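Note that the structure is a prediction, hence the values are computed from the model and not measured.
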Amino acid sequence: MGESSGYKEYGAGLLAGVATVIIGHPFDTIKVKLQKYNTEAHGIKYRSGLHCAARILATEGVRGLYTGATPSFIGVAFESSLVFGIYSQTKRALQGGAQSSEPQPQVIIPSAAFAGAIISFVLCPSELVKCRMQVQGTDSLVPKSSRFRSPLDCAIKTIKTEGVTGIFRGGYTTLLRESIGNAVFFSVYENVRYRMHLLLKHGSLEQSYLTDMGIGILSGGLGGVAFWSAVLPLDVAKTIIQTTSDTSDSRNPFRILNSIYRRATLKGCYTGLGPTIVRAFPANAAAIVTWELAMKLMGIKHHYER
């Protein structure tokens with residue numbers, strides 16, 4: 001792949017991000033509400049992810065599930081473009097022209113972690129706005145007069161009250177989540193995809209768009225589940241850091257998780273696990289299928305494809 005293909009990888013990644021938001025945002029809204037309210041000391045507000053979804057639909061309709069979707073579309077589309085593009089180019093640079101047919105952990109992990117670290121600077125402000133919009137809807141304790149009218153209103157008021165650094169609250173936690181999570185995601189994705197192609201080859205089955213789509217669904221879906229299983233506690237801490245109204249509260253994710261663990265055990269650190277896992281498989285499967293299809297249409301192939 002030459003330099004021109006790099007631009008195509010970024011374009012394919014952007015399309016993957018759009019697919020992720022369309023499929024996954026409603027589940028993300030439920031997850032954020034559970035993380036915000038079910039970890040607070042004054043008690044559990046929602047019995048389950050299904051109860052939370054029912055409350056949103058009853059009071060706000062389907063539109064309520066897509067609260068905060070605008071910054072999410074912008075942030076995730078740009079983030080997805082960067083993560084797939086940076087990962088692909090960094091991996092190619094670390095391989096140094098020596099293409100291997102088998103996934104190499106010493107190449108995949110640093111490439112994915114580096115891509116995750118870079119995109120955290122894009123994700124942090126967009127997720128802060130998204131989370132603050134999501135928690136002020138159904139059952140919010142925030143007075144209606146104090147609620148944000150739009151994502152832009154949220155961003156402007158945050159900067160006015162907390163300064164420019166306020167929009168990057170939770171940046172360290174986001175960086176940890178994305179670096180670790182993407183290293184796990186791409187490791188699982190690359191290995192599952194490689195093994196599936198080997199099975200097809202040994203089974204003498206013809207490769208087609210349908211089989212490629214099936215492999216993309218499985219590898220992307222399992223990668224997404226592995227991502228969130230590994231870093232959900234960090235995401236819980238990030239939600240609390242970004243949505244608290246008291247700027248003097250701790251921004252140390254480990255201190256926050258320790259407090260949650262003492263109050264609600266390990267289960268509290270994995271608040272929102274149900275909707276997160278339910279979202280992770282289809283959202284990431286859609287992202288990978290979209291990315292791979294876009295790559296094929298642009299004439300870019302994985303190194304183990306024939």
Side-chain angles (χ1 to χ4, degrees), residues 14 16-39 49 52-53 56 60-83 116 119-140 142 146-162 164-178 181 224 227-228 231-232 234-245 251 253 271-272 275-276 278-280 283-284 286-287:
L14 188 145
V18 172
T20 301
V21 177
I22 292 173
I23 300 295
H25 192 81
F27 297 101
D28 186 70
T29 297
I30 296 167
K31 178 204 72 172
V32 168
K33 284 184 179 291
L34 287 171
Q35 290 176 343
K36 169 63 177 175
Y37 297 118
N38 284 26
T39 56
C52 180
I56 296 171
E60 301 176 58
V62 175
R63 185 178 180 181
L65 292 172
Y66 280 92
T67 302
T70 300
S72 190
F73 266 115
I74 296 171
V76 174
F78 189 38
E79 168 263 326
S80 182
S81 173
L82 287 177
V83 75
I119 64 169
S120 68
F121 294 97
V122 176
L123 274 180
C124 183
S126 68
E127 288 202 357
L128 181 139
V129 172
K130 172 186 70 69
C131 287
R132 291 188 175 186
M133 293 294 294
Q134 287 173 323
V135 300
Q136 70 175 10
T138 302
D139 298 325
S140 174
V142 179
S146 303
R147 295 182 185 182
F148 305 114
R149 296 189 303 272
S150 67
L152 182 60
D153 181 52
C154 177
I156 292 173
K157 286 182 177 176
T158 298
I159 294 173
K160 280 184 177 179
T161 57
E162 302 177 39
V164 176
T165 56
I167 204 74
F168 285 95
R169 183 195 287 191
Y172 170 62
T173 310
T174 306
L175 186 146
L176 285 178
R177 185 195 71 180
E178 291 302 310
F227 178 110
W228 287 107
V231 301
L232 186 60
L234 286 171
D235 189 65
V236 171
K238 183 193 74 69
T239 296
I240 294 171
I241 291 169
Q242 292 186 325
T243 58
T244 183
S245 57
R251 299 189 185 187
T271 301
T276 299
V278 170
R279 167 193 178 274
N284 286 278

Requested in this report: Using the side-chain contact (heavy atoms from CB on, under 4.5 Å) rule, take Ile30 and Arg279 through it: C-alpha gap first, then chi angles, then the decisive distance, then the call.
Outcome: CA-CA 10 Å; Ile30 296 167; Arg279 167 193 178 274; over 6 Å; no
**Report entry** Check: Asp28 and Val21 side chains under 4.5 Å, non-hydrogen atoms
**Finding:** no
**Report entry** Residues in side-chain hydrogen bond (donor to acceptor under 3.5 Å, both in side chains) contact with Arg169, at least two apart in sequence or another chain
**Finding:** Glu162
Requested in this report: Check whether any side-chain N or O of Ser126 sits under 3.5 Å from a backbone N or O of Leu123 as a donor-acceptor pair, and report yes or no.
Outcome: yes
Report task. Carefully, step by step, assess Glu79 and Phe121 under the rule side-chain contact (heavy atoms from CB on, under 4.5 Å). Result -> CA-CA 9 Å; Glu79 168 263 326; Phe121 294 97; over 6 Å; no
Requested in this report: Please examine the side chains of Tyr172 and Lys238, heavy atoms only from C-beta on, and report whether any two atoms are closer than 4.5 Å.
Outcome: no
Query raised in the report: With sequence neighbours left out, what residues match Thr271 under side-chain hydrogen bond (donor to acceptor under 3.5 Å, both in side chains)?
Result: none
Requested in this report: Would you mind reporting whether Trp228 and Arg177 have side-chain heavy atoms less than 4.5 Å apart?
Outcome: yes
**Report entry** Full working for side-chain contact (heavy atoms from CB on, under 4.5 Å) between Glu127 and Gln242
**Finding:** CA-CA 8 Å; Glu127 288 202 357; Gln242 292 186 325; 4.1 Å; yes
Query raised in the report: Is the shortest heavy-atom distance from the side chain of Lys31 to the side chain of Gln134 under 4.5 Å?
Result: no
**Report entry** Residues forming a side-chain hydrogen bond (donor to acceptor under 3.5 Å, both in side chains) with Thr158, sequence neighbours excluded
**Finding:** Arg132
Query raised in the report: Quick one: are Phe27 and Leu65 in side-chain contact, heavy atoms under 4.5 Å?
Result: no
